Protein chains: 2
Amino acid sequence: MSQSISKTTIEDIARALNITAATVSRALHNHPAIKEATKKIVRETAEKLNYRPNRIASSLRLGRSYIIGVIIPSAEISFFGSVIHGIEKVANINGYNVLIYQSNELYESEKKGVQTFLQSQVDGVLASISKETINLDHYSELKRRGIPLVLFDRASDSLGVSSVVVNDYRGAFDATRHLIEQGCRRIAHIGGQQHVNIFNQRLKGYIDALNVHNIALDDDLIVYGKVSIESGRECMNRLLAGTNVPDGVFAVEDFTALGAMQAIKSAGKKMPEEIALIGFANEAFGEYLTPSLSTVNQQTVVMGEEAAKLFFDIQRKGHSPNGQPQKLVLEPALICRQSSKRFGP
Amino acid sequence: MSQSISKTTIEDIARALNITAATVSRALHNHPAIKEATKKIVRETAEKLNYRPNRIASSLRLGRSYIIGVIIPSAEISFFGSVIHGIEKVANINGYNVLIYQSNELYESEKKGVQTFLQSQVDGVLASISKETINLDHYSELKRRGIPLVLFDRASDSLGVSSVVVNDYRGAFDATRHLIEQGCRRIAHIGGQQHVNIFNQRLKGYIDALNVHNIALDDDLIVYGKVSIESGRECMNRLLAGTNVPDGVFAVEDFTALGAMQAIKSAGKKMPEEIALIGFANEAFGEYLTPSLSTVNQQTVVMGEEAAKLFFDIQRKGHSPNGQPQKLVLEPALICRQSSKRFGP
DNA sequence: CTGAAAGCGCTAACAG
DNA sequence: CTGTTAGCGCTTTCAG
C-alpha cells in the first residue's frame with residue numbers, strides 16, 4: 001500500500017531486466033531495431049510493475065505536449081458543449097488531450113487564457129472569440145511562436161488563420177426567405193453587436209433576402225440588442241410598440257428568439273398566425289417550446305471535428321495546409337417548426 | 001519573424017544579464033533572498049525578451065502539473081457545463097488548469113480517461129461516474145497512486161473518497177410532498193437505473209413522502225426507464241394505459257419529465273389540472289416549456305466550486321482533510337412552476 | 001540489436 | 001545575496 005505510491009519509471013523496468021532505459025523506451029515504442037523477445041519481456045514487466053509513461057517528461061524532451069487548448073466563451077451554452085464534443089473526438093483519436101479555458105465573454109479573461117496555454121506549452125489552440133473582444137493581439141502572439149491557431153464560429157479574417165464557420169449569411173438568407181414564403185411581408189430583424197462578424201453576416205443575409213424578393217427595407221424593423229433572453233424580450237417590445245408592427249421576426253439567435261417569443265405571447269399575439277418567428281443556432285430548448293421554435297441548425301459537432309482536423313493538418317504539413325489559411329464554411333440547415341409554419345404539412 | 005519562434009528560457013535571460021539561471025528563477029518567483037534591484041532588472045528583461053515560463057519543465061522538476069482532470073459523462077448536458085464552470089473558477093484562482101475528458105456514459109471510455117489523466121500527471125481528478133459504470137477499479141488506481149479523487153453528483157460511497165452530491169432523497173421527498181399538497185393522490189414515479197445511486201435515492205424519497213402522508217404505495221405507479229426523453233414518453237404512455245391512471249407524476253429528471261409531458265399532452269390530458277408533473281435537475285429548457293416545468297434545483301455551479309475546493313483542501317492538508325473522506329451534501333430547492341401548481345399565487 | 005551519454009527547462013539543496 | 005551542481009523521466013544521437 002505505502003510503497004505502491006512511488007511511481008515506476010522506465011529505469012525501474014530496465015533495472016529489473018538488467019538492460020538500459022534506452023532499450024526499454026525503444027521497446028515500448030515498438031522500435032524496429034529491437035528484438036521481439038525483448039519487446040515482449042519489457043511489455044510484460046511494464047504491465048507487472050504497473051508502469052504509466054510520464055507524459056510530462058516525454059513532452060519536455062520532445063518539445064510537444066500532446067495537448068490542444070480550447071478557448072470558449074462559456075461551457076454553459078450548449079452550442080459550445082457540442083463543439084467541444086466534436087473536438088474531443090478527433091483529439092482523442094490522435095492521442096491528444098483537450099485543455100478548456102472559459103473566457104466568460106471577457107476580453108481580459110480571454111487574454112489570460114492564451115497566456116496560460118502558452119505556459120502549458122499546448123501544441124495548438126482552437127478558439128471562439130468572445131463578444132467583448134476587439135483587439136486580437138493576444139492571438140497574434142500564438143502565431144509568432146509558431147503555435148497553430150484555428151478559430152471556430154466566432155472567427156475573424158484579420159488574423160490570417162484557418163477557421164471553421166457556419167455560412168451565417170446563407171442561414172440568415174434562408175430563414176428570411178422562409179418567412180417570406182410563409183406570407184410575411186413586414187419582417188423584422190433583432191440583431192446582435194455588429195462588430196461580431198457572425199451577427200453582421202446574419203444582418204446582411206436578412207437584408208439581401210428582402211431585396212431579392214422585392215420587399216422594401218424598413219429601418220424601423222431592424223433593432224439591435226445584446227443577444228440574451230432579456231434583450232430579445234425588450235427588443236420585441238420595442239417592435240410591438242412601433243408604428244409598423246411586424247408580421248414576421250428573424251432573431252439573431254435562439255435566446256434572443258426566446259425572449260421575443262415571450263414578449264409576443266405576453267402581448268396576446270398569435271404565433272405563427274399574427275407574427276411568425278425564427279431564430280438561429282438550434283439550441284436544445286427550441287424543440288420543446290410551445291410553439292416549438294423554428295431555427296437554423298449549425299452542425300455543431302461537425303464544427304468541432306473540423307476545427308480539430310484543421311489543426312492536425314497544419315501540424316502535419318508544417319504550419320499551413322497549402323500555404324494559405326483554410327476557411328471551412330459549413331452549410332446551415334433550416335429547421336422549420338411551429339413558430340413559423342403557417343402552411344404545409 | 002523567423003528567429004522569434006525560438007522560445008526564450010531563463011538561461012537566455014541569465015546570459016543577457018551575466019548572472020545565473022538560478023538567480024533568474026528565484027527573482028521571477030520573488031524569492032526573499034534576492035535583491036530588489038536584481039528582481040527588477042530580471043523582470044524587465046524577461047518582459048523584453050518575451051519570456052514565458054515553461055510549465056512542463058517546471059512540472060517535471062516539481063512533480064506537480066498544476067492540472068486538474070475532470071471526467072464528465074457529456075459536455076452536451078447543460079448540467080455538466082455549469083459544474084465545469086464552477087470547477088474552472090476555483091481552479092483558475094489557484095493557478096490550476098482544467099483538462100476535460102468525456103466518457104459519453106461509457107465504462108470503457110471512462111477507464112481510458114483515468115489512464116490518460118494518469119499519464120498526463122494531473123494533480124487530482126474530479127469525476128462524475130457514467131451511468132454504465134459498475135466496476136470502479138480504475139478509480140482505485142488513482143487512490144493507490146496518491147492522486148486525490150473527488151466525485152461529484154454521480155458519486156459512490158464504496159470508493160471511500162470525498163464527494164459533493166445533492167441531497168437527492170430530500171429533493172425527491174420535497175417534490176413528492178409538493179404534489180401531495182397540490183391535491184394529488186395517485187402519484188406515479190418514473191425512475192432511472194437503480195444501480196445509479198442518485199436515482200435510487202430519489203425513489204426512496206418518493207416512497208417515504210407517500211408513507212409519511214399515509215398514501216398507500218401502488219407498485220403499478222412506479223415504472224423504470226432509461227433516463228431520456230424517449231424513455232420518459234414511453235414510460236408515461238405505460239402509466240396512461242394502466243388501470244390506475246395517476247393524477248401526479250414525479251419524474252427522475254427533467255429530460256424524462258419532458259418526455260412525460262409530451263405524452264400527457266398527446267393523450268389530451270390537462271396539465272396540471274388532470275395530471276401534475278415535476279422533474280429534477282432544473283435543466284435550462286424547463287423554464288420555457290408550456291406549461292413551464294416544475295423541478296428541483298441542484299446548485300450546479302456551487303457543486304463544481306465545492307468539488308474543486310475539496311480537492312485543494314485534500315492537497316494542502318496532505319491527502320485528507322481530517323483523515324476521513326468528506327461528503328458534502330448540497331440542499332436542493334424546489335422550483336414550482338406551472339406544470340404542478342394548481343393553487344396559490 | 002543494445003549501451004552510453006547528453007539534454008529538454010526548471011528548481012532546490014548546498015556552499016560561499 | 002548569488003553561484004554551482006544535480007536531477008525530474010524520457011528520447012535520441014552516436015558508438016559498438
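Naming convention: chains lettered A, B, ... in sequence-line order (proteins, then strands); numbering from 1 in each chain. Every value quoted in this text rests on a predicted model; they were computed, and no experiment measured them.
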For the pair made of CZ in Arg52(A) and P in dC10(D), what is the distance, rounded to whole Å?
13 Å
Give the rounded distance in Å between these two atoms: OH of Tyr66(B) and P of dC10(C).
14 Å
Exam field: side chain Thr116(B) to backbone Lys112(B), donor-acceptor pair closer than 3.5 Å:
yes
Ion pair present between Lys327(B) and Asp157(B), side-chain N to carboxylate O less than 4.0 angstrom?
yes
Expressed as a whole number of angstroms, how long is the span from Arg64(B):CZ to dG9(D):P?
16 Å
Quick check: does any side chain N or O of Ser130(A) sit under 3.5 Å from a backbone N or O of Glu132(A), one acting as donor and the other as acceptor?
yes
Ile19(A) CD1 - dG3(C) C1' separation (whole Å)
11 Å
Close approaches to DNA chain C from residues 28-47 of chain B, in residue order (heavy atom, under 4.0 Å)
His29(B)
Donor-acceptor pair, Thr38(A) side chain versus Ile34(A) backbone, under 3.5 Å?
no
Look for any protein N or O under 3.5 Å of an N or O in nucleotides 13-16 of chain D and output each such pair with its distance, or none.
residue : atom : partner  : partner atom : Å
dT13(D) : O4   : Arg26(A) : NH2          : 2.9

Ser82(B) side chain vs Val301(B) backbone, donor-acceptor pair below 3.5 Å:
no
If you count heavy atoms of other groups shown closer than 6.0 angstrom to NZ of Lys111(B), is the number above 12?
no
Under a 3.5 Å threshold, yes or no: a donor from one side chain and an acceptor from the other, between Asp123(A) and Ser65(A)?
yes
Which is more 5' along DNA chain D, the nucleotide nearest Thr20(B) or the one nearest Ala57(B)? Just name the residue.
Thr20(B)
Length of the line joining Ile56(B):CD1 and dG9(C):P, which is rounded to integer Å
11 Å
How long is the line joining CD of Glu11(B) and P of dT4(D), in whole Å?
12 Å
First of Leu60(B) and Ala21(A) reached from the 5' end of DNA chain D, by closest nucleotide
Leu60(B)
Asp313(A) and salt bridge (Lys or Arg N to Asp or Glu O under 4.0 Å): which single residue from Lys309(A), Lys317(A), Arg316(A) fits?
Arg316(A)
Counting the atoms with a prime plus P, OP1 and OP2 as sugar-phosphate, which does Ile10(A) contact under 4.0 Å by heavy atoms, base, sugar-phosphate, or nothing?
base
Expressed as a whole number of angstroms, how long is the span from Arg55(A):CZ to dC8(D):C1'?
18 Å
Roughly how many Å is it from CG in Asn18(A) to P in dC1(C), rounded to a whole number?
20 Å
Any salt bridge linking Glu141(A) with Arg52(B)? Criterion: basic side-chain nitrogen under 4.0 Å from a carboxylate oxygen.
yes
Nearest-nucleotide 5' precedence on DNA chain C, Thr23(A) against Tyr51(B)
Thr23(A)
